Amino acid sequence: MENAIEIHNLTKKFGDFTAVDNISFTVRKGEIFGFLGANGAGKTTAMRILCGLSIPTSGGGTVAGYDIVREPEKIKRHIGYMSQKFSLYPDLKVWENIRLFGGIYGLSDKEIASRTRDILSGLGMEDVRNSFVDSLPLGWKQKLSFSIAMIHNPRIVFLDEPTGGVDPETRRRFWELIYEATSGGVTVFVTTHYMDEAEYCDSVSIMVDGRIEALDSPAALKEKYGAENMDAVFRMLAGRAKRGE
Amino acid sequence: MNAIEVHDLSKSYGKVRALSGISLEVENGEIFGLIGPDGAGKTTLFRILTTLLLADEGSASVNGLDVKKDYAAIRRQIGYMPGRFSLYQDLSVEENLEFFATVFGTTVEENYDVIKDIYSQIEPFKERRAGALSGGMKQKLALSCALVHKPSVLFLDEPTTGVDAVSRKDFWNMLARIKASGVTVFVSTPYMDEASLCDRVALIMHGKIIDSGTPAGIVAKYPYTLLSAKGTPMYPLLKYLRGKEGVINCFSFGAEHHLAIDSSVTDARKILSDMTEAGFKDCDVHRISPGIEDCFMNLAGENVRK
């Protein structure tokens with residue numbers, strides 16, 4: 001079976017600095033893949049390449065079946081992306097945000113209308129369709145932002161620290177949304193600073209100084225490093241980092 | 001005299017009530033944590049206490065000085081590290097530090113012993129522009145700048161947000177040393193696990209303090225019997241447990257689920273046998289003590305229901 005992501009010997013240099021140092025990994029279709037690392041380990045650089053926003057210095061691979069060097073534009077159209085820092089336009093209404101992103105991804109008016117109905121009823125947000133996104137509670141914004149990232153039915157969605165700063169219950173409800181999405185076959189690639197969330201992933205990779213130091217299921221990683229939880233695994237590996245941020 | 005006193009403080013921005021009737025006391029020389037998610041009102045409270053914003057109602061004092069009347073005196077006695085990077089990007093490390101020292105009418109040399117522990121780690125890079133520093137080094141510089149005038153109370157607004165688990169631990173070790181030098185530390189964080197590193201904490205949500213006290217004291221007040229449950233597959237198990245009689249709530253906590261139960265209706269043994277019977281594999285259920293995160297979720301839930 002084809003993998004959602006296949007990366008071979010990926011390297012990205014900025015001048016003398018090797019931000020991503022010869023990494024290789026695969027993400028299976030339908031799995032939740034946790035992409036962890038200390039600040040400055042090279043996660044953001046690697047993620048930008050996977051999302052078609054940056055071209056590697058050497059190495060290559062595919063995301064959603066498209067070549068990361070030759071077809072970055074196709075990758076952008078076929079993946080979903082959500083970040084806690086930026087996703088929705090606060091000064092647009094709920095339906096306007098859906099309309100905008102539907103348009104950006106090239107959906108027809110008819111598709112947008114039907115997707116809008118699906119999203120609003122799926123989230124129980126019909127009553128706030130005319131509210132400005134700014135006025136919504138953070139938990140709602142987050143769910144809406146996730147649904148909008150999936151508006152074009154991407155086969156893989158990238159979530160960049162999706163739960164930063166939200167309250168503990170909302171954080172957990174969000175992961176339940178992720179589980180629902182993967183049960184429908186979507187592949188999820190997620191970064192987080194909450195180590196309990198690493199336990200929710202099928203596979204976890206830990207980047208240290210530009211390289212992938214460990215990649216396995218949380219259970220296998222805990223066993224390998226004799227650690228009680230993923231927090232301890234992370235500290236053991238990321239604590240060895242030589243370079244600053 | 002307490003380092004910080006807050007009585008019935010409220011603040012609204014238009015229709016949005018950022019703080020509603022907050023009261024708390026921070027004792028001299030302690031690390032006091034204000035713990036809650038984004039949008040809970042943490043930064044608003046920091047801005048009022050650091051005299052940058054006026055409350056609508058209520059009163060507050062720092063070192064016995066009123067935040068409104070005595071704002072000028074307070075500013076000389078406190079150090080403040082805002083959530084957003086607060087330094088001058090185009091000045092060097094050394095220039096930033098000298099600037100902050102000068103503003104407070106002192107010199108780096110005079111108070112070098114106060115910042116030495118932290119500043120010595122970035123001193124080798126003192127000629128580098130602040131904008132070109134790594135995140136961890138920026139944080140150390142910002143902390144040095146907030147301490148250079150020898151404040152008696154240090155305000156740190158979300159110093160560890162977006163910081164990885166290893167660097168967060170380093171930062172808390174620095175705070176312990178600052179506390180040991182006699183400075184009162186008032187720190188906010190969205191990370192519940194940092195509560196155990198504070199002497200006392202206040203949990204804040206939707207502009208209200210939902211509980212405060214020592215971390216152990218808050219945990220002791222948890223009203224239910226809490227169980228940890230494991231079984232394969234985990235997500236269907238979560239939904240299964242939520243539907244069971246006597247289960248008050250159930251949430252995932254890393255590799256296990258935590259469920260609050262009504263012990264007059266059910267117990268660990270019954271839940272375990274039901275799970276096994278329902279076909280879940282590798283099952284384990286046992287009683288655990290709650291953590292601050294369990295308490296926060298329970299209190300936040302109660303607050304919404306009220």
Side-chain angles (χ1 to χ4, degrees), chain A residues 32 36-41 43 84-85 134-139 141-142 161 163-173 175-176 178-180 182-183 191-200 206-208 218-219 222 228-241 243-245, chain B residues 15-16 35-40 42 83 122 125 133-139 158 160-170 189-193 203-206 232-236 238-239 242 249-258 282 291-298 300-301 304:
Chain A
I32 303 177
L36 310 185
N39 300 120
K43 287 195 308 288
Q84 181 68 24
K85 285 175 205 123
D134 204 20
S135 70
L136 299 180
L138 194 62
K141 276 186 215 171
Q142 192 189 40
E161 290 183 35
T163 56
V166 305
D167 71 83
E169 179 164 344
T170 305
R171 198 154 73 75
R172 286 170 173 80
R173 298 276 183 206
W175 271 91
E176 291 170 24
I178 295 179
Y179 278 119
E180 292 296 336
T182 49
S183 64
T191 71
T192 181
H193 282 310
Y194 292 99
M195 289 304 129
D196 58 335
E197 294 183 349
E199 312 267 4
Y200 308 151
I206 299 178
M207 267 187 99
V208 180
K222 282 183 279 187
E228 196 179 320
N229 51 39
M230 284 303 294
D231 187 46
V233 172
F234 182 82
R235 282 180 195 198
M236 238 177 262
L237 289 167
R240 292 183 201 155
R243 81 187 185 202
E245 289 163 37
Chain B
K15 281 186 200 154
V16 181
I35 298 179
D38 290 359
K42 299 190 299 293
I122 50 171
F125 311 100
L133 293 177
S134 72
M137 291 203 290
K138 275 181 185 167
Q139 203 183 32
E158 295 204 30
T160 55
T161 292
V163 174
D164 68 69
V166 174
S167 313
R168 283 206 280 140
K169 190 153 190 252
D170 288 346
T189 178
Y191 295 104
M192 304 283 148
D193 59 343
L203 308 182
I204 186 169
M205 177 96 176
H206 299 319
T232 314
M234 279 300 268
Y235 182 54
L238 181 72
K239 292 200 275 195
R242 279 186 183 157
N249 62 55
C250 179
F251 288 102
S252 44
F253 271 75
E256 53 205 45
H257 296 322
H258 286 186
D282 309 318
I292 286 289
E293 195 154 14
D294 295 294
C295 297
F296 188 98
M297 288 167 71
N298 178 56
V304 172

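These figures come from a predicted structure and were not determined experimentally. Every chain is numbered from 1, with letters handed out A, B, ... down the list of sequences.
How far CG of A:L138 is from CG of B:D38: 6.0 Å, rounded to the nearest 0.5 Å. Atom CG of A:D167 is separated from atom NE2 of B:H206 by 7.0 Å, given to the nearest 0.5 angstrom. Atom OG of B:S252 sits about 11.0 Å away from atom CD of A:E199, to the nearest 0.5 Å. Taken to the nearest 0.5 Å, the NE2 atom of A:H193 stands 5.5 Å off from the OH atom of B:Y191. Between the CE atom of B:M234 and the OH atom of A:Y179 there is a distance of 7.5 Å, given to the nearest 0.5 Å. Here B:E293 contributes atom CD and A:D196 contributes atom CG; the two are 6.0 Å apart, rounded to the nearest 0.5 Å.
Using a 4.5 Å cut-off between heavy atoms, B:K138 does not touch chain A at all. Proximity to chain B is absent for every atom of A:P218, based on heavy atoms less than 4.5 angstrom apart. Looking at A:E169, both its backbone and its side chain come within 4.5 Å of chain B, counting heavy atoms on both sides. Residue A:N229: no heavy atom, backbone or side chain, is found under 4.5 Å from chain B. Residue contact with chain A, scored on non-hydrogen atoms closer than 4.5 Å, is absent for B:T161. If you measure heavy-atom distances from B:Y235 to chain A, the contacts under 4.5 Å come from the side chain alone. Contact annotation for B:K239: only side-chain heavy atoms (C-beta onward) come within less than 4.5 Å of a heavy atom of chain A.
Counting heavy atoms from C-beta on, the side chains of A:E176 and B:L238 come closer than 4.5 Å.
Here A:P168 is the residue among A:P137, A:P168, A:A38, A:S135 with the most heavy-atom pairs under 4.5 Å with chain B. Taking chain B as the reference chain and counting heavy-atom pairs below 4.5 Å, the highest number among A:W175, A:Y200, A:F234 is found for A:Y200.
Of all heavy-atom pairs between B:A165 and A:M195, the closest is CB-CG, 4.4 Å. Here the shortest heavy-atom pairing between B:P190 and A:G165 reads CB-CA, 4.1 Å.
For A:K222, the NZ atom counts as densely surrounded, since its 6.0 Å shell holds more than 12 non-hydrogen atoms of other residues, nucleotides or ligands.
Between the side chain of A:N39 and the backbone N or O of B:V163, no donor-acceptor pair lies under 3.5 Å.
Both tests pass for A:R172 against the ring of B:F253: distance under 6.0 Å to the centre and angle within 45° of the axis.
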